[in-house]
Amino acid sequence: MSTQLWTYAIVGATFLLYIIIAIVSRASSTKEFYVAGGGVHPILNGMATAADWMSAASFLSMAGLIAFMGFSGAQYLMGWTGGYVLLALLLAPYLRKFGKFTVPDFIGERYYSKNARLVALICALFVSFTYVVGQMKGVGVAFARFLDVPFETGVFIGIGIVFFYAVLGGMKGITYTQVAQFCVLIFAFTVPAIFISLQMTGNPVPQLGLGSKTSEGVYIIEKLNQLSVDLGFDTYTSINSDNLTNMFFITAALMFGTAGLPHVIVRFFTVPKVKDARVSAGWALLFIAILYTTAPAVAVFARTNIINTLSNATYADVPQWFKNWENTGLLSFEDKNQDGVIQYVAAPERNELTIDRDIIVLANPEIADLPPWVIGLVVAGGLAAALSTAAGLLLVISTSISHDLLKNYLRPNISEKGELKAARISIAVAVLAAGLAGLNPPGFVAQVVALAFGLAASSFFPAIILGIFDKRTNREGAISGMVVGIVFTIAYILYFTPQLGGAGTKEGFWFGISPEGIGTLGMIFNFITALVVSRFTPPTPEPVVAMIESIRTPRGATTPVEQH
């Protein structure tokens with residue numbers, strides 16, 4: 001069978017599986033729609049959390065960024081991994097013990113204010129919508145090449161699939177769909193890596209292959225370093241000291257943003273007990289580590305193969321995969337000196353090859369000439385990663401509107417049936433809006449996602465962490481901090497992102513911090529504002545202090561609430 005037939009077969013089979021699961025797992029109550037009834041097994045929740053967490057940015061874009069950025073690309077790897085550890089250890093158990101549906105629920109009750117809930121709701125919408133736009137771009141990239149459709153058509157197909165199982169199943173349907181999607185995406189990411197590691201180093205374990213020698217007797221990292229230098233690039237493993245400040249701020253924004261992501265936090269509300277939240281967090285970390293430790297190897301293998309295959313090759317003799325990707329517009333050759341030879345070099349005035357970094361993982365099996373079924377499997381994995389996260393994010397948007405805005409703010413007497421209907425309508429509208437925005441995203445998938453993490457770091461993380469560990473932080477402080485943090489971060493991103501109409505240039509970055517890293521500074525402003533304002537306004541009411549102490553006290557211990 002041809003690559004396209006294999007792709008149709010594998011992608012079609014996985015989509016059919018997702019739809020069947022959504023039908024079988026249809027939500028019949030608001031609790032099932034919001035938190036899957038609160039009865040998901042910890043291991044299954046760990047798999048669903050991993051799928052929710054490993055988005056198109058992790059599957060499609062991260063290895064591509066590492067392939068081209070080298071050492072600097074590690075900021076995405078370190079930030080996202082460290083952030084999940086922070087979330088699992090510091091936040092998940094406490095939020096699960098609080099026992100509500102959403103992050104705005106926690107903010108509203110902890111800071112005893114409907115206005116605090118409203119600010120948190122607005123922050124959740126900004127974060128989730130920005131994040132989901134990146135997923136839609138990933139869906140379009142995958143479909144554009146392998147289903148032989150335009151990028152825009154690919155986005156609309158993705159809209160249709162997510163629309164069906166998210167609107168129908170809610171969190172219950174999404175959870176069990178994400179379990180299936182985790183199995184698909186992790187198999188799809190590791191199988192090609194094993195093939196290519198064997199092919200290039202003789203070692204079947206990609207993580208070990210990264211430190212192995214090639215058939216020429218040279219370590220593959222050393223070979224890539226030399227190839228990079230020959231083309232005028234820095235060595236792959238070099239540290240750009242001029243970029244260390246920005247690298248630190250991006251890593252921190254990704255890490256603290258992870259700990260404030262509402263679609264990941266809500267996953268810990270779906271298990272029966274607080275202990276299960278800890279257990280499922282551990283399983284999720286194990287599942288995430290499989291992909292995250294494989295990605296650097298995939299990046300090195302791909303970059304080496306691209307240089308070996310395309311540098312100084314004649315355009316007339318390029319492999320078919322090059323022409324296929326060229327047709328999508330995501331890879332292009334401009335013959336500047338009209339000699340028919342591809343000049344892939346560091347100097348912009350002489351470089352003739354442009355590669356969208358989001359295609360690297362999808363193109364890697366073709367570049368390595370792997371069997372057609374492996375190529376089809378990778379496409380299915382990329383789509384599973386994008387769609388699983390998109391569904392979780394869209395549910396957060398839906399919940400924010402139907403539960404936090406409608407039920408707890410505008411229409412507190414709305415019936416459960418009415419709330420469920422509102423949730424489905426809002427998720428349908430959000431799917432369409434995200435898809436349209438995904439047609440023209442402000443950067444690569446991982447860059448768009450990094451902006452979302454910055455927004456989460458500057459808004460939610462301080463409010464949640466202070467809400468658990470600082471009893472003196474009050475509603476005035478929390479609201480002021482969230483407003484200052486997210487307004488500053490949004491303004492900076494809009495001003496310094498040309499795709500969003502910004503007039504700022506790289507030379508004008510504050511302290512050299514790019515829009516992807518500015519969320520860290522926004523978070524610092526949030527913390528300072530919240531702490532200072534709280535100290536000059538009335539203290540937190542005693543019942544709220546007792547609630548905080550109850551959340552922080554292990555089950556079985558005597559709490560102030562029990563004494564009262």
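Rounding to the nearest 0.5 Å gives a distance of 9.5 Å between CD1 of Ile186 and CE of Met47. The line from CD1 of Ile414 to NZ of Lys421 is 10.0 Å long, rounded to the nearest 0.5 Å. If you take CD1 on Ile288 and OG1 on Thr293, they are separated by 11.5 Å, rounding to the nearest 0.5 Å. Distance CG/Leu451 to CD/Glu516: 5.5 Å, rounded to 0.5 Å. Atom-to-atom distance recorded for Leu121:CG and Phe126:CZ is 11.5 Å, nearest 0.5 angstrom. Atom CD1 of residue Ile464 and atom CD1 of residue Ile107 lie 5.5 Å apart, to the nearest 0.5 angstrom.
Taking 4.5 Å as the limit, some side-chain heavy atom of Ile196 sits within range of a side-chain heavy atom of Leu370. Between Trp373 and Val191 there is a side-chain heavy-atom pair separated by less than 4.5 Å. At a threshold of 4.5 Å between non-hydrogen side-chain atoms, the residues Gln75 and Met69 count as touching. The shortest distance between side-chain heavy atoms of Ser61 and Leu65 falls below 4.5 Å. Considering only heavy atoms from C-beta on, Ile194 comes within 4.5 Å of Pro206 through its side chain. The shortest side-chain heavy-atom distance between Met523 and Pro462 falls under the 4.5 Å cut-off. For the pair Ile66 and Tyr76, the minimum side-chain heavy-atom distance is 4.5 Å or more. In this structure, the side chains of Leu118 and Lys114 stay at 4.5 Å or more apart for every pair of heavy atoms.
For Val544, the side-chain contact (heavy atoms from CB on, under 4.5 Å) partners are Arg110, Tyr112, Thr540, Pro541, Met547, Ile548, not counting sequence neighbours. Applying the side-chain contact (heavy atoms from CB on, under 4.5 Å) test to Ala385 and every residue at least two apart in sequence or in another chain returns Phe59, Leu185. For Ile465, the side-chain contact (heavy atoms from CB on, under 4.5 Å) test picks out Leu90, Leu91, Phe461, Phe469, Phe527, with sequence neighbours left out. Not counting sequence neighbours, the partners of Thr81 by the side-chain contact (heavy atoms from CB on, under 4.5 Å) test are Tyr292.
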Next item on the list: List the steps, then state whether side-chain contact (heavy atoms from CB on, under 4.5 Å) holds for Phe453 with Thr520.
Entry: CA-CA 10 Å; Phe453 278 68; Thr520 302; over 6 Å; no

Check: How far apart are the C-alpha atoms of Leu455 and Ile493, what are their side-chain angles, what is the distance that settles it, and do they pass the side-chain contact (heavy atoms from CB on, under 4.5 Å) test?
Finding: CA-CA 10 Å; Leu455 293 173; Ile493 289 172; 4.2 Å; yes

Note to self: Between Ile10 and Val379, does the side-chain contact (heavy atoms from CB on, under 4.5 Å) criterion hold? Intermediate values first, please.
What the structure shows: CA-CA 9 Å; Ile10 296 175; Val379 180; over 6 Å; no

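Residue Phe287 comes nearest to Ala50 through the heavy atom pair CB-CB, 3.8 Å, listed as atom of the first residue, atom of the second, then distance. Counting all heavy atoms, side chain and backbone alike, Tyr18 lies closest to Ala180 at CE2-CB, 4.3 Å. Between Val378 and Pro192, the shortest heavy-atom distance links the atoms CG2-CG, 3.3 Å. The minimum heavy-atom distance between Val127 and Ala456, with the atom names listed, is CG2-N, 3.6 Å. The shortest heavy-atom contact between Ser459 and Asn526 is O-ND2, 3.2 Å. The shortest heavy-atom contact between Cys123 and Ile486 is SG-CD1, 3.6 Å.
Within the 3.5 Å criterion, the main-chain N or O of Ala281 finds a donor-acceptor partner in the side chain of Tyr84. Judged purely by atom type and a 3.5 angstrom limit, Tyr111 uses its side chain to pair as donor or acceptor with the backbone of Ala463. In this structure a side-chain-to-backbone donor-acceptor pair under 3.5 Å is present from Arg472 to Ser534.
Inspection of the Ser197 and Asn203 side chains reveals no N or O donor paired with an N or O acceptor under 3.5 Å. Of the N and O atoms on the side chains of Ser458 and Thr489, at least one donor lies less than 3.5 Å from an acceptor on the other residue.
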Can you give me every donor-acceptor pair (side chain of residues 249-261, partner residue at least two apart or in another chain, under 3.5 Å) with its distance?
{"from": "Thr251", "atom 1": "OG1", "to": "Met247", "atom 2": "O", "distance (Å)": "2.8"}
{"from": "Thr258", "atom 1": "OG1", "to": "Leu254", "atom 2": "O", "distance (Å)": "2.7"}

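Residue pairs meeting the salt bridge (Lys or Arg N to Asp or Glu O under 4.0 Å) criterion with at least one member in residues 116-133, sequence neighbours excluded: Asp105-Arg117, Arg117-Asp404.
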